[in-house]
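Worksheet: one structure, shown below.
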Amino acid sequence: MTASVGAGKTKRQQRAQLGPYGRIGKAVEELDERLGVAKGGRTFLDKIFPDHWSFMLGEIALYSFVVLLATGVFLTLYYVPSSAMTIYRGSYAPLRGQLVSEAYNSTVNLSFAVRGGLLMRQMHHWACDIFVGAIVIHMARVFFTGAFRKPRELNWTIGVTMLILAIANGFIGYSLPDDLISGTGIRIAYSITLSVPIVGSYLAFFLFGGNFPGTTIIPRFYTIHVLIIPAIFVGLVSAHLFLLVRQKHTQFKGEGRTEHNVVGSPMFPIFMAKTTGFLFIVTGITAALGAFFQINPIWQFGQYHASQISYAVQPDWYMGWLDGALRIMPSWELTGFGHTIPLEVLLPAAVFPGIIFGICMLWPAIERRYTGDNLMHNLLDRPRDRPKRTAAGAAMLGLLGTLFLASSTDVVANFFHISLNTVLWAMRILTVIVPIIAYFVTWEICRELQGIEGGGKRKRVNVVTLTPEGEYLAVPAPESPNDAVTELEPEPVPLLLESGSPDGGNALESGEDVEPAATGVRTVTR
Amino acid sequence: MTGERPLEHRSPVELKAASWSDPHMQPAAKHPRFVERIIALTFIAGLALFALFVVAYWQNWSAWTLGATMGAGMLFIGFGLVAWGKYLMPRGPFVEERHDLASSKEEVEAFTNALVERGGGTLQRRRVLGGLLAAGLGVFSLGTISLLVRSLGPLPKLTLTETDWKAGTYLVDQAGRRVTAGQLSVGSVLTVFPEGFQNTDNGQAVDQTILIRVKDTSFTTVEGRSTWAPLGYVAYSKLCTHLGCPVGLYEKELKLLVCPCHQSMFDVEEGAIPTFGPAPRPLPQLPLYVDSFGFLRAQRGYDQPVGPGYWERTT
């Protein structure tokens with residue numbers, strides 16, 4: 001067909017034959033005859049994305065993942081995953097002549113001898129730190145606005161799984177250069193594996209191919225880092241996005257927005273333009289960080305030797321809470337009957353993260369059981385309207401934040417010239433009380449905010465002008481259409497929701513009107 | 001742009017939220033050519049910076065030049081694209097109806113029927129076949145996986161409990177030089193290894209021992225160890241009993257060994273009992289003696305496993 005087009009015809013006739021949409025139309029037609037893409041494709045192009053800044057957080061995570069993949073592929077071209085020892089003969093004078101592993105040697109060489117190598121390595125590391133951070137903040141957004149509720153529990157679970165994998169792969173990734181700091185981290189991981197009751201020593205020996213350090217851990221970490229976890233991750237990201245398209249976005253309450261529609265911009269071209277622009281911005285910021293802010297300068301740390309150690313070193317930020325938990329844990333070791341259970345390692349490094357991630361995974365179920373709310377939710381909550389959930393989230397962040405701080409006890413003690421003992425005990429106490437304080441303070445703030453008149457409405461701007469006589473006048477700005485928008489106008493809180501109604505009823509859904517007492521003033525009885 | 005052709009079932013709704021008459025949008029709405037020019041400028045800047053990046057990459061300029069040109073180019077293009085989407089495209093908002101994801105009762109019924117009746121019926125009538133199939137797959141996967149896991153590494157056996165320190169082993173430094181009794185002044189430390197193992201993985205990772213000259217006379221760290229610290233030399237396993245980090249810091253005023261990883265502290269005068277931090281046990285002490293030539297040697301190996309705790313460790 002295409003071959004006959006054009007033979008002995010004027011351009012106008014050719015165009016007429018192609019139809020009103022030209023070559024693109026022809027291509028779509030051909031494709032649709034074979035795959036039937038037009039119907040679903042149109043729906044996809046028309047897919048509506050609600051406009052709210054907080055929906056961009058997940059995009060940061062997605063695009064830093066893209067940067068990670070691109071820079072990571074670059075690094076695999078030059079990195080050598082081997083513990084075999086060699087003499088460093090590269091351009092960095094202080095290391096020249098030293099005995100180093102192939103892994104360390106190739107990482108230093110790709111930083112100094114490969115064009116663009118240092119930038120790519122630093123971008124990869126920065127993108128990872130941004131990636132995990134964006135996942136955590138995105139997760140907080142989803143949590144505090146209740147976006148994880150039915151029907152989106154599965155997507156929440158996929159998200160938590162991706163967070164765990166991201167943290168694990170981050171740790172494994174920064175262990176690959178085989179430098180003094182990351183090598184110590186691997187040793188700690190080995191000892192944590194060893195601490196598991198009954199099977200610990202077998203697990204550790206199978207993972208490391210023998211007693212620490214062995215020569216197999218670097219190649220194995222490499223396979224896990226560049227193949228296994230990324231492959232799982234790509235699958236999970238696809239599932240995450242597929243569910244998002246299938247179930248459509250959540251949106252905040254507001255004029256014209258209901259449980260049964262989505263209001264916003266269509267996928268094509270508006271969202272596509274914005275989101276592609278955002279991909280460029282995320283990449284640009286990562287490139288700028290990689291260019292101007294040094295990260296993980298392994299040539300300053302040196303090759304890992306099991307009998308050497310550096311002082312005042314902290315892991316990457318997303319491992320900090322675990323390191324902090326290890327530091328503040330009292331030295332309780334269970335011994336007896338010819339066996340040892342190192343609780344001082346097992347509890348903070350294995351049981352504790354298991355509990356934290358378990359709570360995260362199960363939160364939708366926990367909350368549903370507590371509230372008895374089994375309804376479909378497409379409208380988001382304002383955090384203040386769900387004080388108990390918001391307070392619980394704040395308590396969790398308080399706990400993890402305090403533990404993160406506890407991973408720098410030695411630095412804090414040195415910097416402020418206080419005794420390490422004081423700092424340690426302060427951290428132990430804070431770890432217990434900060435979450436409790438965070439819970440009640442947040443709960444109280446939520447309740448106070450609920451009572452504020454006009455909360456969530458856009459304020460009219462007052463323009464302050466100075467008259468020639470020196471008089472100041474505050475003149476309200478001309479009314480903007482947006483002034484009437486109550487994007488976050490709180491719905492009356494369904495009383496049954498947080499008090500745990502037995503029949504799972506929702507006053508709003510069942511059609512009962514729960515009227516506020518007056519505009520902006522609502523009676524909340526709990 | 002797509003302004004001419006209506007979006008059939010995605011109609012703009014009459015919301016006051018965002019429209020061309022919004023004062024915030026007016027500069028863009030009234031002067032689209034101006035906005036267009038600004039965006040064109042950002043794209044030109046992006047193009048120029050990308051071209052510069054290619055030159056920088058070709059000429060192998062410094063890392064920060066590469067990153068600065070690439071990053072700034074990306075930022076210009078990114079901001080230009082966002083502005084294009086924000087100011088020069090139909091602003092909506094558009095509304096899309098949600099349709100129930102759940103299927104109708106009949107469809108659910110039909111599916112469940114097929115699953116339970118058809119599938120269940122098939123299996124229930126052919127229990128033996130199903131059992132055989134499951135057994136075959138089970139044998140294959142369980143057998144393969146356990147053998148695969150087993151082949152990943154050796155069994156621990158005694159490697160966790162034993163070190164290369166034996167009776168009479170010479171203490172040597174990193175370079176393999178034997179340590180003599182006059183070598184260290186009071187207050188100094190040295191990492192030592194069993195002679196012959198200083199360059200092995202196990203010597204580095206497991207046998208590493210910290211030798212401290214605490215004072216210049218022999219002393220007793222713990223009852224029953226009266227001969228273990230000749231001439232004030234005392235040797236402890238350098239592996240922290242918490243997580244196996246090398247206990248590399250010695251605070252000579254307080255006579256404390258400090259682990260830089262999680263700040264466990266060990267009192268070297270009292271048999272390295274932990275005085276602070278998460279370490280649960282004292283560092284194992286290596287009994288020393290000075291031979292007739294003045295070399296420091298081990299009376300025998302460690303009397304307990306070194307390093308962190310694990311299930312098989314006996315007390």
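By convention in this document, chain letters (A, B, ...) are assigned in the order of the sequence lines, proteins followed by strands, and residues within each chain are numbered from 1.
Of the two parts of Y190(A), only the side chain, counted from C-beta on, holds a non-hydrogen atom closer than 4.5 Å to a non-hydrogen atom of chain B. Neither the backbone nor the side chain of Q122(A) comes within contact range of chain B; no heavy atoms are under 4.5 Å apart. Neither the backbone nor the side chain of M272(A) comes within contact range of chain B, judged by heavy atoms closer than 4.5 Å. For chain A, the nearby parts of Y57(B) are the backbone and the side chain; heavy atoms of each come within less than 4.5 Å. Only the side chain of I341(A) comes within less than 4.5 Å of a heavy atom in chain B; its backbone stays farther off. Residue contact with chain A, scored on non-hydrogen atoms closer than 4.5 Å, involves the backbone and the side chain of Q204(B) alike. Of the atoms belonging to R150(B), heavy atoms from both backbone and side chain fall under 4.5 Å from chain A. In this structure, chain A has a heavy atom under 4.5 Å from the backbone of A279(B), while its side chain stays farther away. For chain A, no part of T65(B) is nearby; none of its heavy atoms comes within less than 4.5 Å. For F193(B), the part lying under 4.5 angstrom from a heavy atom of chain A is the side chain only. Interface residue N202(B): only side-chain heavy atoms are found under 4.5 Å from chain A. Interface remark: L249(B) contributes side-chain atoms only to the contact with chain A (heavy atom separation under 4.5 Å). Proximity to chain A (any heavy atom under 4.5 Å) is shown, for C259(B), by neither the backbone nor the side chain.
Atom OG1 of T191(B) is separated from atom NE2 of H305(A) by 12.5 Å, given to the nearest 0.5 angstrom. Taken from CE in M267(A) to CG in D46(A), the straight-line distance is 11.0 Å, to the nearest 0.5 Å.
When each of G67(B), P156(B), G309(B), G78(B) is checked for heavy-atom pairs under 4.5 Å with chain A, P156(B) comes out on top. Most heavy-atom pairs under 4.5 Å with chain A, from the set L155(B), T314(B), L75(B): that is L75(B). Of the listed residues (W61(B), F276(B), F76(B)), the greatest number of heavy-atom pairs within a distance under 4.5 Å of chain A belongs to F276(B).
With respect to the salt-bridge test (charged N to carboxylate O, under 4.0 angstrom), the residues K274(A) and D51(A) qualify. One finds a salt bridge joining R327(A) and D410(A) here, because a Lys/Arg side-chain nitrogen approaches an Asp/Glu carboxylate oxygen to under 4.0 Å. Under 4.0 Å is where a charged nitrogen must lie from a carboxylate oxygen, and between K47(A) and E96(B) no such pair does.
In this pair, H262(B) and H242(B) present their aromatic rings perpendicular. The plane angle is above 60°, beyond the 30 to 60° band. Aromatic ring orientation, H52(A) versus F252(A): tilted (interplanar angle from 30° to 60°). Between W311(B) and H339(A), the two ring planes are parallel [angle under 30°; tilted spans 30° to 60°]. Aromatic ring orientation, F271(A) versus F49(A): parallel (interplanar angle below 30°, classes split at 30° and 60°).
Two rings, from Y236(B) and F266(B), have their centers 6.0 Å or more apart.
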